[in-house]
Engineer: 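Questions regarding the structure given below will be posed in turn.
In the text below, chain A, chain B and the rest are named by the order of the sequence lines, each starting its count at 1. As a basis for the values below, the full set of heavy atoms in this structure was taken, side chains included, without hydrogen atoms, waters or symmetry mates. Everything quoted here is computed from the prediction, not taken from an experiment.
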Amino acid sequence: KQEVTQIPAALSVPEGENLVLNCSFTDSAIYNLQWFRQDPGKGLTSLLLIQSSQREQTSGRLNASLDKSSGRSTLYIAASQPGDSATYLCAVKRGNTGKLIFGQGTTLQVKP
Amino acid sequence: GAVVSQHPSRVICKSGTSVKIECRSLDFQATTMFWYRQFPKKSLMLMATSNEGSKATYEQGVEKDKFLINHASLTLSTLTVTSAHPEDSSFYICSARGAVGEKLFFGSGTQLSVL
């Protein structure tokens with residue numbers, strides 16, 4: 001059974017700092033991995049999607065890496081801003097069914 | 001990007017009543033929709049997968065008679081929580097996938113509070 005874990009559960013950093021969020025999964029046979037952002041009481045916004053054959057994806061200040069063999073992914077946020085404050089969720093897709101298995105999320109607070 | 005509209009955003013109801021949540025894909029045809037449930041500070045748990053025109057597939061442990069899902073058109077899926085009880089209080093989120101591509105687009109969620 002696939003399990004997805006995110007560490008830390010919460011993180012508080014001063015504005016401008018670079019930071020890394022971690023995601024690990026137990027079954028390396030994944031189809032792809034996605035990072036999402038969720039604001040309080042809101043839905044999810046997809047940030048980055050990494051196919052199983054890829055090692056990283058970049059979008060602006062965000063960079064996500066994937067190491068399937070070790071069952072790990074990281075989300076790197078450069079030059080953090082208060083507007084980055086949110087909960088970040090990673091999710092792995094098993095096969096082509098569309099089902100996503102989510103981690104518990106990391107709640108990030110960027111202090112001005 | 002694609003937009004998925006979910007409403008209501010918040011509903012408070014008395015125990016025993018039924019609540020319907022709608023999920024609409026506004027600018028694409030959603031061949032598959034997913035319904036998730038999220039507890040405070042917890043992960044999203046997949047409840048069921050629905051394909052247009054066919055019965056929903058429920059995840060293990062999810063009562064299909066309790067959570068009725070209808071996907072009657074390519075742009076609309078509904079989740080009805082029947083005879084709601086306080087333990088059904090939760091945040092419910094839908095997501096939709098079109099015929100092409102792999103990205104899922106999420107609704108803004110519905111906070112259900114059952115008194």
Side-chain angles (χ1 to χ4, degrees), chain A residues 1-11 21-26 30-54 57 59 64 66 86-109, chain B residues 1-11 21 23-25 30-52 56-62 71 90-113:
Chain A
K1 179 184 175 184
Q2 178 73 276
E3 292 184 3
V4 181
T5 304
Q6 291 185 246
I7 295 174
L11 182 63
L21 307 180
N22 296 292
C23 173
S24 61
F25 46 95
T26 54
I30 63 171
Y31 189 77
N32 61 36
L33 182 146
Q34 274 188 270
W35 282 92
F36 294 89
R37 169 183 173 140
Q38 184 178 30
D39 291 289
K42 301 292 184 183
L44 278 65
T45 301
S46 179
L47 298 173
L48 291 164
L49 184 152
I50 311 177
Q51 300 290 356
S52 62
S53 59
Q54 297 175 325
Q57 282 288 329
S59 177
L66 174 63
T87 296
Y88 291 82
L89 295 150
C90 73
V92 298
K93 187 175 176 181
R94 45 183 195 189
N96 194 24
T97 62
K99 293 183 181 181
L100 294 178
I101 309 297
F102 283 86
Q104 311 95 311
T106 294
T107 298
L108 171 66
Q109 182 184 33
Chain B
V3 177
V4 175
S5 173
Q6 182 177 344
H7 68 91
S9 59
R10 179 178 292 273
V11 58
I21 303 170
C23 182
R24 292 180 186 273
S25 57
T31 54
T32 305
M33 285 191 174
F34 303 89
W35 287 93
Y36 291 85
R37 181 173 180 175
Q38 185 179 33
F39 293 101
K41 300 187 185 299
K42 297 291 185 183
S43 180
L44 277 75
M45 301 299 296
L46 178 65
M47 299 174 65
T49 303
S50 72
N51 293 295
E52 184 266 339
T57 302
Y58 290 80
E59 294 299 302
Q60 191 174 11
V62 179
H71 192 166
S90 190
F91 192 63
Y92 294 87
I93 306 177
C94 70
S95 69
R97 182 180 67 180
V100 179
E102 299 177 21
K103 273 196 172 180
L104 291 180
F105 300 95
F106 284 78
S108 54
T110 298
Q111 181 64 54
L112 171 64
S113 299

Engineer: Counting only heavy atoms closer than 4.5 Å, note whether A:Gln38 contacts chain B via side chain, backbone, both or neither.
Structural biologist: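 A:Gln38 touches chain B through side-chain heavy atoms alone.
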Engineer: Is the backbone of A:Gly103 close enough, under 3.5 Å, to the side chain of B:Ser43 for a donor and an acceptor to pair up by distance?
Structural biologist: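 Such a contact is found between B:Ser43 side chain and A:Gly103 backbone.
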Engineer: For B:Leu46, which atoms come within 4.5 Å of any heavy atom of chain A: side chain, backbone, both, or neither?
Structural biologist: side chain
Engineer: Is any side-chain heavy atom of B:Leu44 closer than 4.5 Å to a side-chain heavy atom of A:Leu44?
Structural biologist: yes
Engineer: Got A:Leu100 and B:Tyr36 here, is their nearest side-chain heavy-atom distance under 4.5 Å?
Structural biologist: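 Yes; the side chains approach each other to less than 4.5 Å.
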Engineer: Out of B:Gln111, B:Gln38, B:Met45, B:Arg10, which one racks up the most heavy-atom pairs below 4.5 Å with chain A?
Structural biologist: B:Gln38
Engineer: Between B:Ser95, B:Ser9, B:Ser108, B:Gly107, which shows the greatest number of heavy-atom pairs under 4.5 Å with chain A?
Structural biologist: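 So the answer, after comparing B:Ser95, B:Ser9, B:Ser108, B:Gly107, is B:Ser108.
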Engineer: Where on B:Glu59 is there a heavy atom nearer than 4.5 Å to chain A: the side chain, the backbone, both, or neither?
Structural biologist: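 Only the side chain of B:Glu59 comes within 4.5 Å of chain A.
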Engineer: Using the side chain to side chain contact (heavy atoms under 4.5 Å, CB included) criterion, which residues pair with B:Glu52? Sequence neighbours excluded.
Structural biologist: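 Only B:His71, B:Leu74 meet the side chain to side chain contact (heavy atoms under 4.5 Å, CB included) criterion with B:Glu52.
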Engineer: Does B:Arg37 have any salt bridge (Lys or Arg N to Asp or Glu O under 4.0 Å) partners at least two apart in sequence or in another chain, and if so, which?
Structural biologist: none
